[in-house]
Structures are given as C-alpha cells and as structure tokens.
Student: 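Submitted below is the structure of interest, expressed as structure tokens.
The shown structure was predicted, so the numbers you read here are calculated from the model rather than taken from an experiment.
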Amino acid sequence: MTPGTAGRAVVLIGPMGAGKTSIGRKAARELRVPFFDTDVAVTRAHGPIPEIFAQQGEARFRELERAAVREGLQTGGIVALGGGAILDADTRADLRRHPVVLLTVDARTVAGRLHATTRPLLQGDDALSRWRAVAAERGPVYDDLADVTFDTSTGHIKDIVTRVTDWVRAQWAARDAAATASESEAP
C-alpha cells in the first residue's frame with residue numbers, strides 16, 4: 001500500500017456503463033490500495049442484483065447497497081459505487097468526507113457497453129432510452145458530489161486510469177501536506 005494512504009477512500013461515481021469497475025480496479029492496482037465495488041459486495045453477500053430486484057424490490061436492494069457503501073468507505077482505497085448509490089441521503093453525506101471522482105460517458109459509447117445488459121433498471125425494448133432518462137435524472141446529484149470529472153467515452157482506458165491516479169495522488173499529497181502543517185502549528 002502506498003505510504004500515507006491507509007484508511008483513505010476515493011470514491012468513483014457515475015452512470016451505468018461509465019467504467020467505474022474497470023477503471024477502479026486498474027487504478028487501485030496502480031496505487032497499490034484495496035479495490036471495493038459495492039455491486040460486487042452486494043452480489044457476494046446476497047446473490048445476483050437482478051434477483052434481488054425481482055424478489056425483494058428496489059428498496060431492499062438500496063438498503064443492501066447502503067451497507068456495502070459503508071463497508072467500502074471503511075475499507076479505504078478505491079471504492080466504486082453502483083450508479084444509484086448516490087440516491088441515498090446518508091451516502092451523499094458520507095461522500096462529502098471523501099474525494100469523489102465522477103466518470104461520465106456519452107450515450108453513443110454506452111450503447112455498446114450495455115449490449116445484452118441484465119441491469120434491472122434497463123430491462124425491456126429500449127435500454128438506451130431508459131439509460132438516458134436515469135443518467136439525466138441522476139446527473140445533477142453526480143455533479144454536486146464530484147470533486148473532479150473524467151469522461152470515459154473516448155481514449156484508451158490506460159490513459160483514463162493514469163489521469164485518475166494522478167489526480168488521486170495529488171489529493172493525497174495535499175491532504176498529507178495540510179496534516180503536516182497542522183501538526184507543526186500545534187503547541
């Protein structure tokens with residue numbers, strides 16, 4: 001683990017298909033910190049997300065997701081949130097205490113990424129229209145929470161990961177410098 005990063009969480013948010021899991025996993029490896037994906041955590045503990053939606057409803061899924069967010073933030077490292085995790089007021093309050101990276105993607109690019117999706121909110125004949133509606137509805141919340149935004153629509157994933165990790169390192173360095181200055185000012 002990179003020195004001075006223990007217990008720190010950097011959160012990735014954004015719409016479905018923006019690459020939070022792929023970019024998060026690679027960024028965590030590059031930074032040598034843990035990677036935590038809330039959707040993976042929910043699936044491991046409770047089964048497939050589409051089944052949770054079908055059998056227990058979206059409200060129950062959101063409760064399980066909220067618990068996964070808390071666990072991820074406590075774990076530290078890079079934490080990728082499911083697209084709708086930001087709908088929870090307690091999650092939004094928690095995110096204000098952490099650096100937040102918004103990953104965006106345009107509809108044309110996401111169309112290829114969502115082919116044959118099993119995502120519960122996108123089921124039916126026109127997944128792309130539903131994706132657009134969900135992304136537009138959540139967009140202002142994402143923008144409000146984000147400290148920085150990176151678009152994943154074009155470019156190589158390695159370049160996007162580099163931009164994310166460079167930003168994270170700068171955040172950690174600034175936080176360390178502020179902590180050191182604060183300690184040297186203490187009586």
Side-chain angles (χ1 to χ4, degrees), residues 1-2 4-46 49 52 58-105 110 119-121 131 133-152 160-161 163-179 182:
M1 185 175 294
T2 303
T5 61
R8 295 182 183 179
V10 174
V11 183
L12 303 182
I13 63 171
M16 295 174 275
K20 297 178 297 289
T21 298
S22 300
I23 291 167
R25 185 175 287 119
K26 291 176 186 311
R29 189 175 8 224
E30 169 105 2
L31 293 165
R32 298 172 55 195
V33 297
F35 175 67
F36 190 96
D37 184 302
T38 60
D39 285 347
V40 170
V42 169
T43 299
R44 278 191 191 137
H46 305 284
I49 292 170
I52 296 169
E58 183 176 357
R60 175 64 178 145
F61 169 73
R62 296 296 174 202
E63 290 171 11
L64 301 173
E65 182 178 54
R66 171 67 186 134
V69 169
R70 280 194 306 267
E71 181 183 353
L73 294 177
Q74 290 171 354
T75 299
I78 303 295
V79 182
L81 270 56
I86 50 86
L87 299 174
D88 183 89
D90 291 334
T91 292
R92 290 192 303 273
D94 286 348
L95 295 186
R96 298 203 188 284
R97 295 189 296 274
H98 298 276
V100 176
V101 175
L102 170 58
L103 298 179
T104 61
V105 63
V110 86
R119 297 166 194 253
L121 295 180
W131 178 88
V134 170
E137 176 186 318
R138 296 174 181 172
V141 180
Y142 292 141
D143 291 339
D144 180 56
L145 292 168
D147 294 307
V148 67
T149 301
F150 298 104
D151 186 72
T152 67
I160 298 166
V161 170
R163 290 171 46 212
V164 169
T165 57
D166 287 350
W167 183 84
V168 169
R169 285 184 178 114
Q171 295 304 300
W172 286 342
R175 190 176 287 175
D176 288 347
S182 169

Student: Locate the shortest heavy-atom distance separating Gly14 from Leu102; write the atom from each residue and the value.
Tutor: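 Shortest heavy-atom separation between Gly14 and Leu102 comes out as CA-CD1, 3.6 Å.
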Student: Are Arg8 and Gln171 packed together at the side-chain level, in the sense that at least one heavy-atom pair is separated by less than 4.5 angstrom?
Tutor: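 No, every pair of side-chain atoms sits at 4.5 Å or beyond.
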Student: Give the intermediate values and the outcome of side-chain contact (heavy atoms from CB on, under 4.5 Å) for residues Phe35 and Val40.
Tutor: CA-CA 11 Å; Phe35 175 67; Val40 170; over 6 Å; no
Student: What heavy-atom pair brings Pro34 and Ala28 nearest, and what distance separates the two atoms?
Tutor: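 What the structure gives for the nearest pair is O-CB, 3.7 Å.
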Student: Not counting sequence neighbours, which residues clear side chain to side chain contact (heavy atoms under 4.5 Å, CB included) with Glu71? List them please.
Tutor: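 Scan of Glu71 (side chain to side chain contact (heavy atoms under 4.5 Å, CB included), adjacent residues dropped) gives Phe36, Thr75.
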Student: Assess whether side-chain contact (heavy atoms from CB on, under 4.5 Å) is satisfied between Leu81 and Thr91, documenting all intermediate values.
Tutor: CA-CA 10 Å; Leu81 270 56; Thr91 292; 4.1 Å; yes
Student: Using side-chain hydrogen bond (donor to acceptor under 3.5 Å, both in side chains) as the criterion, list what pairs up with Arg44, not counting sequence neighbours.
Tutor: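 Applying side-chain hydrogen bond (donor to acceptor under 3.5 Å, both in side chains) to Arg44 gives none.
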Student: Looking at Arg70, Arg62, Arg66, which hits salt bridge (Lys or Arg N to Asp or Glu O under 4.0 Å) with Asp88?
Tutor: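 That would be Arg66.
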Student: Within the structure provided, determine whether Leu31 and Trp172 are in side-chain contact (heavy-atom separation under 4.5 Å).
Tutor: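 Touching, per the 4.5 Å side-chain cut-off.
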Student: Mind checking whether Thr43 and Ile49 have side chains closer than 4.5 Å, heavy atoms only?
Tutor: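 They are in contact (side-chain heavy atoms under 4.5 Å apart), so the answer is yes.
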Student: Would you name the heavy atoms of Ala27 and Val164 that are closest together and state the gap between them?
Tutor: CB-CG1, 4.4 Å
Student: Taking the side chain as C-beta and beyond, is there a heavy-atom pair between Arg96 and Asp144 under 4.5 Å?
Tutor: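 Result yes, sub-4.5 Å side-chain heavy-atom pair found.
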Student: Can you name the nearest heavy-atom pair linking Lys20 to Gly82, along with the distance?
Tutor: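 Minimum heavy-atom contact is CE-C, 4.4 Å.
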Student: Find the distance between CD1 (Ile160) and OG1 (Thr165) and round it off to the nearest 0.5 Å.
Tutor: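 Ile160 atom CD1 to Thr165 atom OG1 measures 12.0 Å (nearest 0.5 Å).
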Student: Val69 vs Asp90, test: side-chain contact (heavy atoms from CB on, under 4.5 Å). Steps then yes/no.
Tutor: CA-CA 10 Å; Val69 169; Asp90 291 334; over 6 Å; no
Student: Enter the distance from Ile52:CD1 to Glu58:CD here, rounded to the nearest 0.5 Å.
Tutor: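 With rounding to 0.5 Å, CD1 (Ile52) is 12.0 Å from CD (Glu58).
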Student: Tell me, do Val105 and Met16 make a side-chain contact under 4.5 Å, heavy atoms counted?
Tutor: no
Student: To the nearest 0.5 Å, what is the distance between CG (Leu12) and CG (Leu103)?
Tutor: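 Between Leu12 CG and Leu103 CG, I get 5.5 Å after rounding to 0.5 Å.
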Student: Applying the side-chain contact (heavy atoms from CB on, under 4.5 Å) test to Val101, which of Val148, Leu145, Asp147, Ile13 qualifies?
Tutor: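 Among Val148, Leu145, Asp147, Ile13, the one that satisfies the side-chain contact (heavy atoms from CB on, under 4.5 Å) with Val101 is Val148.
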Student: Please name the pair of heavy atoms, one in Ala9 and one in Val79, separated by the smallest distance, quoted to 0.1 Å.
Tutor: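 Between these two residues, the closest heavy atoms are CB-CG2, 4.1 Å.
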Student: Nearest heavy-atom pair of Val10 and Trp167: which atoms, and what distance?
Tutor: CG1-CZ3, 4.4 Å
Student: Taking 4.0 angstrom as the limit, do Arg169 and Asp176 come out as a salt bridge?
Tutor: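 Salt bridge between Arg169 and Asp176, a charged N being under 4.0 Å from a carboxylate O: no.
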Student: May I have the step-by-step check of side-chain contact (heavy atoms from CB on, under 4.5 Å) for Thr149 and Tyr142, ending in yes or no?
Tutor: CA-CA 10 Å; Thr149 301; Tyr142 292 141; over 6 Å; no
